[in-house]
J.: 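Sharing a structure here in structure tokens format.
Given the structure is predicted, the values throughout are model-derived calculations rather than measurements.
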Amino acid sequence: MKTILPALPHAPHGLMIGGLAPNDNYVSYMASLLGARDSKGWAQALIQALVPDPKDSQRRKSILILDEFNSPGPDDINLSFARTLYKAFADSDVYLVFLSQSEEFADRLSDLNNRSKITALPTAVMNPDAELPTKFQWKRMEWSRDLLTKYLEHLDGGKNPALFKNKDKNGAVDWIDVPMTPHKARWKYETKSDALLDEATLKKVDN
């Protein structure tokens with residue numbers, strides 16, 4: 001938070017959306033988390049709730065953090081949503097933060113308005129002052145195959161031991177590649193887990 005918000009005389013208020021969306025449509029995922037029934041009006045209501053009241057003498061700043069914002073979505077719906085948000089918050093005391101595990105998508109986000117509205121946090125890149133067309137050099141946290149395997153085993157909780165049966169001498173399964181982010185590793189694990197479930201279901205039907 002210290003890298004995002006400056007020292008403030010009054011505490012900020014805000015909202016963070018976390019977790020992996022079940023599909024690439026972050027907008028519908030966010031609406032479901034908020035319990036929104038109106039498919040169109042909920043975003044405007046959220047914007048109004050976060051923008052500080054000009055009559056408020058304290059003028060508290062707000063922050064909206066969207067975690068796992070990893071893809072443009074169907075028909076670029078997530079990009080359009082990002083554009084709507086930054087335009088709505090452009091002249092207000094609202095900090096809008098996107099957290100993404102995709103460097104390619106992070107570049108697309110920061111390029112939406114030539115980096116004048118959305119840009120990389122200085123602590124997230126090695127060249128924070130880079131101007132277009134120079135790409136940001138994102139700082140990376142390297143994950144080894146054995147660490148990713150341990151992460152997925154913890155996530156699995158012993159439900160699918162067959163997925164982790166064949167390991168090399170370092171304790172890594174053969175279906176984990178590098179470089180691979182935890183997000184991609186989880187996607188691969190879920191794909192294989194679903195395949196095992198489908199196979200088990202077919203066997204029950206055959207019996």
J.: Under the 6.0 Å and 45° cation-pi test, does Arg115 pair with Phe136?
T.: yes

J.: From Tyr86 OH over to Leu96 CG, what is the distance, rounded to the nearest 0.5 angstrom?
T.: 11.0 Å

J.: Under a 4.0 Å threshold between the charged nitrogen and the carboxylate oxygen, would Arg145 count as salt-bridged to Asp168?
T.: yes

J.: Could you tell me whether Lys139 and Glu103 have a side-chain N and a carboxylate O separated by less than 4.0 Å?
T.: no

J.: Answer with yes or no whether the hydrophobic clustering places Leu155 together with Trp143; edges join I, L, V, M, F, W, Y residues whose side-chain heavy atoms lie under 4.5 Å apart.
T.: yes

J.: Taking the side chain as everything from C-beta on, heavy atoms only, tell me whether Val97 gets closer than 4.5 Å to Leu64.
T.: no

J.: Mind checking the CG-CG spacing from Asp93 to Leu50? Nearest 0.5 Å is all I need.
T.: 12.0 Å

J.: About how many Å separate CG of Leu148 and CD of Glu153, when rounded to the nearest 0.5 Å?
T.: 11.5 Å

J.: So if I apply the side chain to side chain contact (heavy atoms under 4.5 Å, CB included) rule between Tyr189 and each of Asp156, Asp194, Ile176, which one comes out positive?
T.: Asp156

J.: Would you list the atom pairs, donor with acceptor, under 3.5 Å between side chains in residues 73-82 and any protein atom, with sequence neighbours excluded?
T.:
| unit_1 | atom_1 | unit_2 | atom_2 | d |
| --- | --- | --- | --- | --- |
| Asp76 | OD2 | Arg108 | NH2 | 3.4 |
| Asn78 | OD1 | Tyr26 | N | 3.0 |
| Asn78 | ND2 | Asp24 | O | 2.7 |
| Asn78 | ND2 | Ser71 | O | 2.9 |
| Ser80 | OG | Asp76 | O | 3.2 |

J.: Please walk me through it: do Val125 and Gln137 pass side chain to side chain contact (heavy atoms under 4.5 Å, CB included)?
T.: CA-CA 5 Å; Val125 293; Gln137 297 176 18; 5.7 Å; no

J.: Please check this pair: side chain of Asn127 against backbone of Ala130, looking for a donor-acceptor N/O pair closer than 3.5 Å.
T.: no

J.: So Leu152 and Phe164, side chain to side chain contact (heavy atoms under 4.5 Å, CB included) or not? Walk me through it.
T.: CA-CA 9 Å; Leu152 294 176; Phe164 304 95; 3.9 Å; yes

J.: When you compare the side chains of Ser193 and Asn160, does any donor N or O come within less than 3.5 Å of an acceptor on the partner?
T.: yes

J.: Any heavy-atom pair between the side chains of Ile17 and Tyr29 that's under 4.5 Å?
T.: yes

J.: Determine, for Lys188 against Asp177, whether the closest basic-nitrogen to carboxylate-oxygen distance falls under 4.0 angstrom.
T.: yes

J.: With rounding to the nearest 0.5 Å, note down the distance linking OG1 in Thr191 to CH2 in Trp175.
T.: 9.5 Å

J.: Side chains of Leu85 and Ile47, heavy atoms from C-beta outward: is any pair under 4.5 Å?
T.: yes

J.: With rounding to the nearest 0.5 angstrom, report the CG to OG1 distance, Asp129 to Thr134.
T.: 11.5 Å

J.: Salt bridge (Lys or Arg N to Asp or Glu O under 4.0 Å), that's the test. Do Glu104 and Lys135 meet it? Break it down for me.
T.: CA-CA 10 Å; Glu104 180 182 357; Lys135 287 187 173 295; over 6 Å; no

J.: As a quick check of understanding, evaluate side chain to side chain contact (heavy atoms under 4.5 Å, CB included) for Met30 and Leu66, giving each step before the final call.
T.: CA-CA 9 Å; Met30 189 170 171; Leu66 303 183; 3.8 Å; yes

J.: What's the shortest heavy-atom distance between Val51 and Ser92, and which atoms?
T.: CG1-CB, 4.0 Å

J.: What distance do Leu15 atom CG and Ile63 atom CD1 have between them, rounded to the nearest 0.5 Å?
T.: 10.5 Å

J.: Check Ser100 against Ser102 and note the closest heavy-atom contact, atom names and distance.
T.: OG-N, 3.1 Å

J.: Is the distance between the ring centroids of Phe105 and Phe69 under 6.0 Å?
T.: yes

J.: Taking atom types as modelled and ignoring hydrogens, do the side chains of Asp107 and Trp138 form a donor-acceptor contact shorter than 3.5 angstrom?
T.: yes

J.: Would you say Leu99 and Glu68 make side-chain contact, with heavy atoms under 4.5 Å?
T.: no

J.: Walk me through it: do Trp42 and Val27 pass the test side chain to side chain contact (heavy atoms under 4.5 Å, CB included)?
T.: CA-CA 10 Å; Trp42 70 268; Val27 180; 3.7 Å; yes

